[in-house]
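Every number for a ligand or one of its atoms is a count from 1 in the order of the listing.
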Amino acid sequence: MLEALPDRVRIVEVGPRDGLQGEAKHITTEQKLAYIGRLIESGLGDIEIGAFVSPKAVPQMADTLEVAARLPAAPGVRYLALVPNYRGLEHALEAGLKRIAIFTAASNTFCEKNIRMSIARSLDVYGEVVGAALTAGLSVRAYLSTCFECPYEGAVPKQRVVELTERLLELGADEVVISDTTGSAAPREVYETVGCCVGAVSAEKIALHFHDTYGTGMANVLAGLELGVRTFDASAGGIGGCPFAPGAAGNIATEDLVYMLDRMDIRTGVDIRKVVHAARLLADALGRTLPSRNFSRLNIQNV
Ligand code: COA
Ligand code: ZN
């Protein structure tokens with residue numbers, strides 16, 4: 001079993017977007033930039049810095065253009081931001097970002113509530129957005145939300161997840177992020193749904209995005225590793241929750257993921273203590289304790 005596991009995993013830090021969008025308290029642009037600075041210091045190579053979405057839909061992301069414009073040059077770090085339509089792409093180009101993330105869902109009701117488009121319509125819109133992004137020299141990640149359970153429709157058929165994964169890759173995305181938006185999946189569903197996706201499109205094109213609502217997040221990561229997936233999303237401190245999926249907890253915590261992978265001799269290039277240093281800034285800015293297990297264990301000063 002152990003021989004099948006990878007010796008290296010890529011962690012995509014989604015805290016500045018997925019994490020902060022679910023926090024009732026808004027942090028300032030200065031605090032966001034300081035937090036991103038600490039994430040960079042920790043060795044994370046992929047950082048989602050915000051979302052070019054409607055500020056009415058997600059007010060926490062309203063300053064993404066300013067954040068993007070003031071990002072430090074960080075060799076080896078890929079910044080990306082969420083883009084829901086052509087207007088979002090224009091903002092990403094204006095900010096000089098080289099990577100965007102589009103997002104649709106595997107359940108129509110969630111898709112409508114989240115981006116006010118059906119799944120079919122979103123694929124039309126993204127066809128145009130991705131085409132223009134690739135022409136401009138950008139690369140594209142594609143999130144597929146509610147791949148296991150929809151907060152409005154219930155269980156999601158795995159065949160639909162496979163078909164949409166294939167469609168998003170055909171549009172020109174280089175990876176599809178199979179996302180458990182509600183955080184309710186358990187490893188059996190990961191083996192089934194993600195296993196089918198891996199069989200259809202290969203593991204290198206799949207990333208996994210787990211929320212930890214019921215405590216199954218890390219078990220789901222292990223299931224993904226066993227299926228050959230090498231890319232996992234996480235957020236420092238484990239903050240957040242989707243504003244359109246009531247009751248969902250935050251992402252799996254980056255430091256908890258790094259802890260587990262370190263103990264399994266799976267390299268990430270990420271320094272757990274420095275991730276905690278970033279999370280500490282968040283705990284101070286948000287004025288609350290964080291759900292991560294390793295945060296309280298390592299939350300010592302002077303890292
Ligand atoms: N960036 C900023 N503002 C945008 C925008 C973008 N990419 N796209 C649209 N808007 C603005 C419009 O200018 C308009 O503003 P106004 O009311 O001041 O005139 C308003 O948003 C509505 O525009 P419209 O084109 O009618 O969009 P909509 O109401 O159908 O909403 C989305 C569609 C996609 C823009 C909106 O639902 C959205 O931003 N969703 C993001 C949800 C999200 O981030 N969820 C969390 C991630 S999983
Ligand atoms: Zn999420």
Side-chain angles (χ1 to χ4, degrees), residues 11-23 48-68 80-95 97 100-119 121-126 128-129 132-133 141-152 176-185 207-213 216-217 220-221 231-254 257 291:
I11 298 178
V12 178
E13 171 64 45
V14 295
R17 194 278 300 173
D18 201 7
L20 289 180
Q21 79 184 10
E23 291 293 331
E48 192 168 60
I49 57 100
F52 294 113
V53 296
S54 160
K56 283 182 193 147
V58 188
Q60 295 91 331
M61 296 294 113
D63 62 350
T64 298
L65 202 50
E66 188 183 347
V67 170
L80 69 154
L82 209 60
V83 158
N85 52 22
Y86 202 84
R87 170 125 177 243
L89 172 64
E90 287 173 340
H91 285 152
L93 290 169
E94 188 185 330
L97 284 185
I100 59 165
I102 58 170
F103 56 116
T104 186
S107 91
N108 234 343
T109 312
F110 181 82
C111 200
E112 292 272 6
K113 288 196 188 285
N114 195 28
I115 52 175
R116 299 167 63 90
M117 293 180 246
S118 64
I119 298 170
R121 169 90 186 117
S122 75
L123 293 174
D124 287 345
V125 168
Y126 290 134
E128 193 194 352
V129 170
R141 151 178 253 238
Y143 286 98
L144 190 54
S145 296
T146 57
C147 284
F148 304 96
E149 187 176 85
C150 167
Y152 311 101
V176 175
V177 191
I178 306 294
S179 306
D180 181 15
T181 310
T182 56
S184 49
L208 294 177
H209 178 109
F210 295 120
H211 287 255
D212 205 17
T213 314
T216 54
N220 289 341
V221 169
T231 305
F232 295 88
D233 291 4
S235 89
I239 58 166
C242 177
F244 300 94
N251 300 95
I252 56 169
T254 310
L257 180 59

What is the nearest protein non-hydrogen atom to atom 10 (N) of ligand 1, stated with its residue, atom name and distance? Arg87 NH1, 3.4 Å
Provide the number and element of each atom of ligand 1 under 4.0 Å from a heavy atom of Leu82. 47 (C)
Could you measure the distance from the OG1 atom of Thr146 to the CZ atom of Phe110? Nearest 0.5 Å is fine. 6.0 Å
2.8 Å cut-off met by an N, O or S atom of Asp18 to the Zn ion (ligand 2): yes
For the residue pair Val12 and Thr231, establish whether any side-chain heavy-atom pair is separated by less than 4.5 Å. yes
I'd like to check whether Gln21 has a polar contact with ligand 1, where a contact means an N/O of the residue lying under 3.5 Å from an N/O of the ligand. no
Closest approach of Glu149 to Ser184 (non-hydrogen atoms, all atoms of both residues): OE1-OG, 3.1 Å
Please calculate the NE2(His209)-the Zn ion (ligand 2)-NE2(His211) angle and round it to 10 degrees. 100°
Go through ligand 1 atom by atom and flag the ones less than 4.0 Å from a non-hydrogen atom of Gly88. 7 (N)
Rounded to the nearest 0.5 Å, what separation is found between the OG atom of Ser54 and the CD1 atom of Ile115? 12.5 Å
Verify atom 25 (O) of ligand 1: protein non-hydrogen atom under 4.0 angstrom away: no
Can a non-hydrogen atom of Val83 be found less than 4.0 Å from any atom of ligand 1? no
Between Arg17 and ligand 1, is there a nitrogen or oxygen pair with a distance under 3.5 Å? no
In Å, rounded to the nearest 0.5 Å, how long is the span from CD of Glu13 to CZ of Phe232? 15.5 Å
Asp18 and His211, any side-chain heavy atoms less than 4.5 Å apart: yes
Which residue holds the protein heavy atom closest to atom 16 (P) of ligand 1, what is that atom called, and what is the gap in Å? Lys56 NZ, 3.3 Å
Per-atom contacts of ligand 1 with Phe244, taking only distances under 4.0 Å to non-hydrogen atoms: 42 (C), 45 (N)
Validation row: Leu80, Glu48 side chains within 4.5 angstrom (heavy atoms): yes
Return the NE2 to CD1 distance between His209 and Ile178, rounded to the nearest 0.5 Å. 11.5 Å
Taking a cutoff of less than 4.0 Å between a non-hydrogen atom of the residue and any ligand atom, is Met61 in contact with ligand 1? no
Polar side chain donor-acceptor pair, Tyr152 to Glu112, under 3.5 angstrom: no
Quick note on ligand 1: atoms under 4.0 Å from a heavy atom of Ala57 include exactly 38 (C), 39 (O), 40 (N)
Is it the case that ligand 1 has an N or O less than 3.5 angstrom from some N or O of Ser145? no
Proximal atoms of ligand 1 relative to Asn85 (non-hydrogen, under 4.0 Å): 5 (C), 6 (C), 7 (N), 8 (N), 9 (C), 35 (C)
Roughly how far, to the nearest 0.5 Å, is the CG atom of Leu144 from the CD1 atom of Ile119? 8.0 Å
Which of the listed options, Asn114, Thr181, Val53, holds the heavy atom that is closest to atom 37 (O) of ligand 1? Asn114
Which residue supplies the protein heavy atom nearest to atom 29 (O) of ligand 1, what is that atom called, and how far is it? Arg116 NE, 2.9 Å
Under 4.5 Å between any side-chain heavy atoms of Ile252 and Asn220, yes or no? no
Among all protein heavy atoms in this structure, tell me which lies nearest to atom 32 (C) of ligand 1, with the distance rounded to 0.1 Å. Ile115 O, 4.2 Å
Out of all atoms in ligand 1, which are within 4.0 Å of some heavy atom of Pro55? Include the element for each. 2 (C), 3 (N)
4.0 Å protein heavy-atom contact status of atom 47 (C) of ligand 1, strictly under: yes
Side chains of Ile100 and Phe52: does their closest heavy-atom pair fall under 4.5 Å? no
Is there a side-chain contact (heavy atoms from CB on, under 4.5 Å) between Gln21 and Arg17? Walk through the geometry before answering. CA-CA 6 Å; Gln21 79 184 10; Arg17 194 278 300 173; 3.3 Å; yes
Could you check atom 20 (C) of ligand 1 against the protein and tell me its nearest heavy-atom contact, residue, atom and distance included? Ser54 OG, 4.3 Å
Show which atoms of ligand 1 fall inside a sub-4.0 Å distance from at least one heavy-atom site of Phe52. 1 (N), 6 (C), 7 (N)
